[in-house]
Amino acid sequence: MVKEMGTILRLDVTGRPQGWISKEVAAHAYATDSVVWGLGEDSIRIRGGIQRVSGILSEFNMQPVIAVRGKVVGDFTPALTNAALFRRDGYTCLYCGDVFHKSQLTRDHIHPRSRGGKDTWANVATSCGRCNGHRKGDRLLDECGLELLAVPFTPNEFEWMFLQRERVTGDAFDYLSAHFSVNRNWAA
């Protein structure tokens, strides 16, 4: 049975993730012979129109992970977004350890920006409003008596691509997680 799915993991020809694309964009890549290779079963189907001459309904059965011809980009710098940060930290305040809904979380600068800290993956942690606003504020950790429960890290391009989606499953999850820098405890 072929299942319907909304997004496909697009890779460059070297296997580096480039983004999540719709099945319509993927169908265009298949139709223009731009797909170099793919992974997983042909489990994503898109139907086109009926051919005027033959009367046959056109359709593509596509793989969930595809490598597409095009420019190979060099160095990768992951964009720092709250959504990806909160997902990186498991929606957990890295000060008190409680899990929150994303609407209750904030980005805390471990070394405050007002004191020269940078807005980088290594200097930010997910924090609840209470810990960020009342317990830590604009202070350094040793000044407020707080400790981080996990070490902040910059995700590699495979981890970052995983963090861009609320839910990554199947072949796309298997492909991305095989390239995580360490064994991450992120649910698919």
Side-chain angles (χ1 to χ4, degrees), residues 1-49 58-92 94 101-103 105-107 109 118-126 150-188:
M1 177 178 181
V2 176
K3 62 183 177 185
E4 295 293 332
M5 185 180 207
T7 56
I8 295 172
L9 179 60
R10 179 180 180 263
L11 311 173
D12 67 16
V13 294
T14 67
R16 294 173 64 185
Q18 300 299 299
W20 296 97
I21 59 175
S22 68
K23 58 186 177 179
E24 292 79 15
V25 170
H28 181 266
Y30 274 95
T32 59
D33 201 29
S34 297
V35 176
V36 180
W37 53 272
L39 295 172
E41 294 183 33
D42 292 346
S43 59
I44 301 163
R45 177 184 294 159
I46 189 169
R47 293 185 175 92
S58 64
E59 71 178 18
F60 285 102
N61 290 318
M62 302 174 290
Q63 294 170 288
V65 180
I66 60 172
V68 179
R69 293 183 208 289
K71 183 178 176 183
V72 175
V73 181
D75 293 333
F76 172 77
T77 304
L80 175 56
T81 65
N82 282 351
L85 171 67
F86 300 162
R87 189 139 190 247
R88 177 196 77 176
D89 295 343
Y91 303 98
T92 302
L94 292 189
H101 184 270
K102 60 187 171 185
S103 65
L105 295 170
T106 62
R107 178 190 308 188
H109 293 85
K118 304 288 185 204
D119 193 32
T120 63
W121 284 97
N123 187 48
V124 294
T126 298
V151 177
F153 66 93
T154 303
N156 68 29
E157 59 198 312
F158 299 92
E159 294 164 338
W160 186 81
M161 195 60 59
F162 172 82
L163 294 171
Q164 296 309 297
R165 311 243 359 128
E166 283 293 324
R167 187 163 166 81
V168 179
T169 60
D171 295 310
F173 176 78
D174 293 342
Y175 183 77
L176 292 173
S177 64
H179 296 88
F180 288 175
S181 55
V182 296
N183 187 15
R184 303 276 180 221
N185 191 22
W186 291 326

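Numbers for residues simply follow the sequence, beginning at 1.
Both the sub-6.0 Å distance and the 45° axial angle are satisfied by R184 relative to the ring of F153.
Interatomic distance, OG1 of T7 versus CZ of R167, reported as 11.5 Å (0.5 Å rounding). Atom CG of residue L9 and atom CZ of residue F173 lie 12.5 Å apart, to the nearest 0.5 angstrom. Note that CZ of R88 and CG of N82 are 11.0 Å apart. Values are rounded to the nearest 0.5 Å. Within the model, atoms OH of Y30 and NZ of K23 stand 13.5 Å from one another, a figure rounded to the nearest 0.5 Å. Put simply, OG1 on T120 and NE2 on H109 are 8.0 Å apart, with the number rounded to the nearest 0.5 Å.
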- Message: The test is side-chain contact (heavy atoms from CB on, under 4.5 Å); show your working for L80 and D119 and say whether it passes.
- Response: CA-CA 8 Å; L80 175 56; D119 193 32; 3.6 Å; yes

- Between H101 and F86, is a side-chain contact (heavy atoms from CB on, under 4.5 Å) present by the stated rule, with each step listed? CA-CA 9 Å; H101 184 270; F86 300 162; over 6 Å; no

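Taking every heavy atom of both residues into account, I66 and A26 meet most closely at CD1-CB, 4.0 Å. When all heavy atoms of M161 and G19 are compared, the closest pair comes out as CE-N, 3.5 Å. Nearest heavy atoms, I8 versus V65: CG2-N, 4.3 Å. Here the shortest heavy-atom pairing between W20 and A172 reads CH2-CB, 3.9 Å. The minimum heavy-atom distance between T81 and W121, with the atom names listed, is N-CZ2, 4.5 Å. Residues R47 and E59 come closest through the heavy atom pair NE-OE1, 3.7 Å.
Checked by atom type and distance alone, the side chain of Y175 never pairs as donor or acceptor with a backbone atom of P17 at under 3.5 Å. With hydrogens and angles ignored, the 3.5 Å screen pairs a side-chain donor or acceptor of R69 with a backbone N or O of D33. The closest donor-acceptor contact from the side chain of Q18 to the backbone of R10 lies at 3.5 Å or more, if one exists at all. Remark: the backbone N or O of H179 is paired with a side-chain donor or acceptor of N156 at under 3.5 angstrom. Checked by atom type and distance alone, the side chain of D12 never pairs as donor or acceptor with a backbone atom of V72 at under 3.5 Å.
Within a 6.0 Å sphere centred on CD of E41, heavy atoms belonging to other residues, nucleotides or ligands number 12 at most. A 6.0 Å sphere centred on NE2 of H28 holds no more than 12 heavy atoms belonging to other residues, nucleotides or ligands.
Looking only at side-chain heavy atoms (C-beta outward), I44 and P64 come within less than 4.5 Å of each other. Taking the side chain as every heavy atom from C-beta outward, Q63 and D171 never approach each other to under 4.5 Å.
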